[in-house]
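The shown structure was predicted, so the numbers you read here are calculated from the model rather than taken from an experiment. First the proteins, then the strands, lettered A, B, ... as listed; each starts at 1.
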Amino acid sequence: MIVFRTVEELVDLAEKEQVKIAEIMIRREMDVFSLSRKAVVNRMDEQLTVMEEAIDRGLKGVASISGLTGYDAVKTQLKRTREEMLDFLFTSGAFGYVVANQAFISGARGGCQAEVGSAAAMAAAAVVEMAKGTPKQSAHAFSITMKNMLGLVCDPVAGLVEVPCVKRNAMGASQAIVSADMALAGVESKIPADEVIGAMYQIGKQMSPQLKETAEGGLANTPTARRLEQEIFAKQS
Amino acid sequence: MSVFHSVFDIIGPSMIGPSSSHTAGAVKIGKAAKHLFNGSVQHARIYLYGSFAKTYKGHGTDRALIAGILGFETDDVRIIDALALAKEVGLSYEFIEAHTAVEEPNTVRIELINQTQSFELLGVSLGGGKVEIREINGFALHLSGNHPAICVLHNDRFGAIAAVTKILAKYEINIGRMEVNRRDVGKEALMTIELDQNIDQEVEQELSAQAHIVNVAKIVG
């Protein structure tokens, strides 16, 4: 049975078996739920399709000034196979699995550091693996991103998931790429990934509820945000 | 205790947005309430706590909860119109923003009512669409809503638990998790059993017919 609770255990397993982190996640899923490899991979393929369809819907009718959207950039530059894209999600999922069980992954429980922060750190680890980095380098990229997201509050204007969430997601994605580049170049995080997750958890616990997705503090409590809130909900009712 | 078991608890769920915790999780809690109520719902009184109370309009949590009570899945496009659809089928509802402090930020108490019965459930949304049912009719429990499950209300007498597990064994139904709670010695008690498969009507009837069993409700997975 494949068991990992920490990033350290996850990296050790991948190194010992000499496989990608994605492979450890796939094998664990097969083990725990008695599924065939095909069933596990197909399910992830379905999830990826849902995400792609959502992006397509969101981009419909959107014109970019440069003529290039973020989605085009990914398509033109990375040129990855479907299998590699699925592995990306399994690797992200493996790191996310650790964070979710050791700390939290929702803005309401731990602030934006737990939500966009965790997602960006997961992506950083997966980018490293996609670029043929080592499991250890994935863990370093994960830590570098997470460290830079620590303390980020969740303060959505009018309680919607738009301002500042959309831009914070974009910034999270860019941090993932920069962290991955650093890790691939040999930059290491002095604080190990599991301790960074522990720090994120402690900070999230100490964060006031006003800054955890209640739309009571931070940007959500600015005069402009309050005005927007009134305008939006006056229109709806 | 680890509550995230699968990579698909992290990469997923397939859902109508915007939020896995405030929308998809809310659908799941609403759906669990509907299954456990075991009858047609006329009125839903919904108390929202913490972040749910403050941001439910912006996240569509109200639509999501009602969609769940209507029996929709997390990826059903009808979630968007759930409030209007509820009116069409004669389901009335009220949302109450509660100010009581709660342990988990995304907590909801759902009361379902019709002419003959009422039912109460407390659910929490933990992120990534993962939920837990923490209370049913005042009984404390931990139910994930991710697996088929049965809730058996019974009298706290010896043999009641064995009778239930024996029937499940006879039909070769495996138990994943089981929890028993009681109000007091010899009083009303609740068995919560997570299963690897759904039970059909025959099994349900046989369970209900046992001595000391008051009611059997199921969550279809």
Looking only at G60(B), G127(B), S51(B), the option with the highest number of non-hydrogen pairs under 4.5 Å against chain A is S51(B)
Counting heavy-atom pairs closer than 4.5 Å to chain A, which one of P18(B), S21(B), S14(B) comes out on top?
S14(B)
Kindly indicate whether the side chain of P164(A), heavy atoms from C-beta on, has any atom under 4.5 Å from the side chain of D155(A).
yes
Is it the case that the side chain of S92(B) and the backbone of Q42(B) share a donor-acceptor pair, with hydrogens and angles ignored and the cut-off at 3.5 Å?
yes
For a 4.5 angstrom cut-off between non-hydrogen side-chain atoms, does M149(A) reach M200(A)?
no
Does E162(A) reach the main-chain N or O of V157(A) with its side chain, forming a donor-acceptor pair under 3.5 Å?
no
Looking at G159(A), G96(A), A215(A), which one has more heavy-atom pairs under 4.5 Å with chain B than the rest?
G159(A)
Can you list the residues of residues 84-93 of chain A that sit under 4.5 Å from chain B, counting heavy atoms only?
L89(A), F90(A), S92(A), G93(A)
If you define the side chain from C-beta out and look only at heavy atoms, does anything of Y49(B) sit under 4.5 Å from E104(B)?
no
The interface call for A158(A) against chain B, heavy-atom contacts under 4.5 Å, is backbone
Counting only heavy atoms closer than 4.5 Å, note whether E213(A) contacts chain B via side chain, backbone, both or neither.
both
Hey, are the side chains of L207(B) and I199(B) touching, using non-hydrogen atoms and a 4.5 Å cut-off?
yes
Looking at I24(A), is its backbone amide N or carbonyl O close enough to the side chain of E17(A) to form a donor-acceptor pair, meaning the two atoms are under 3.5 Å apart?
no
What residues of residues 6-14 of chain A make heavy-atom contacts with chain B at a cutoff under 4.5 angstrom?
none
Are L70(B) and R78(B) side-chain neighbours, meaning at least one heavy-atom pair lies under 4.5 Å?
no
Heavy-atom side-chain contact between L65(B) and L48(B) under 4.5 Å
yes
When you measure from the side chain of D31(A) to the backbone N and O of I2(A), does any donor-acceptor pair fall under 3.5 Å?
yes
R168(A) side chain reached by L152(A) side chain, heavy atoms, under 4.5 Å:
yes
Output field: ring centroids F52(B)/H22(B) closer than 6.0 Å
yes
Look at atom CE of M178(B) and say whether more than 12 heavy atoms of other residues, nucleotides or ligands are closer to it than 6.0 Å.
yes
Of the backbone (N, CA, C, O) and the side chain (C-beta and beyond), which part of E216(A) lies under 4.5 Å from a heavy atom of chain B, both, or neither?
side chain
Checking R43(A) against chain B: side chain, backbone, both or neither under 4.5 Å from a heavy atom?
both
Per-residue contact mode, F33(A) against chain B (heavy atom under 4.5 angstrom)
side chain
Interchain contact, M122(A) with chain B, by part (heavy-atom threshold 4.5 Å):
side chain
Is it true that, when you exclude Q230(A) itself, more than 12 heavy atoms of the residues, nucleotides or ligands shown sit nearer than 6.0 Å to its CD?
no
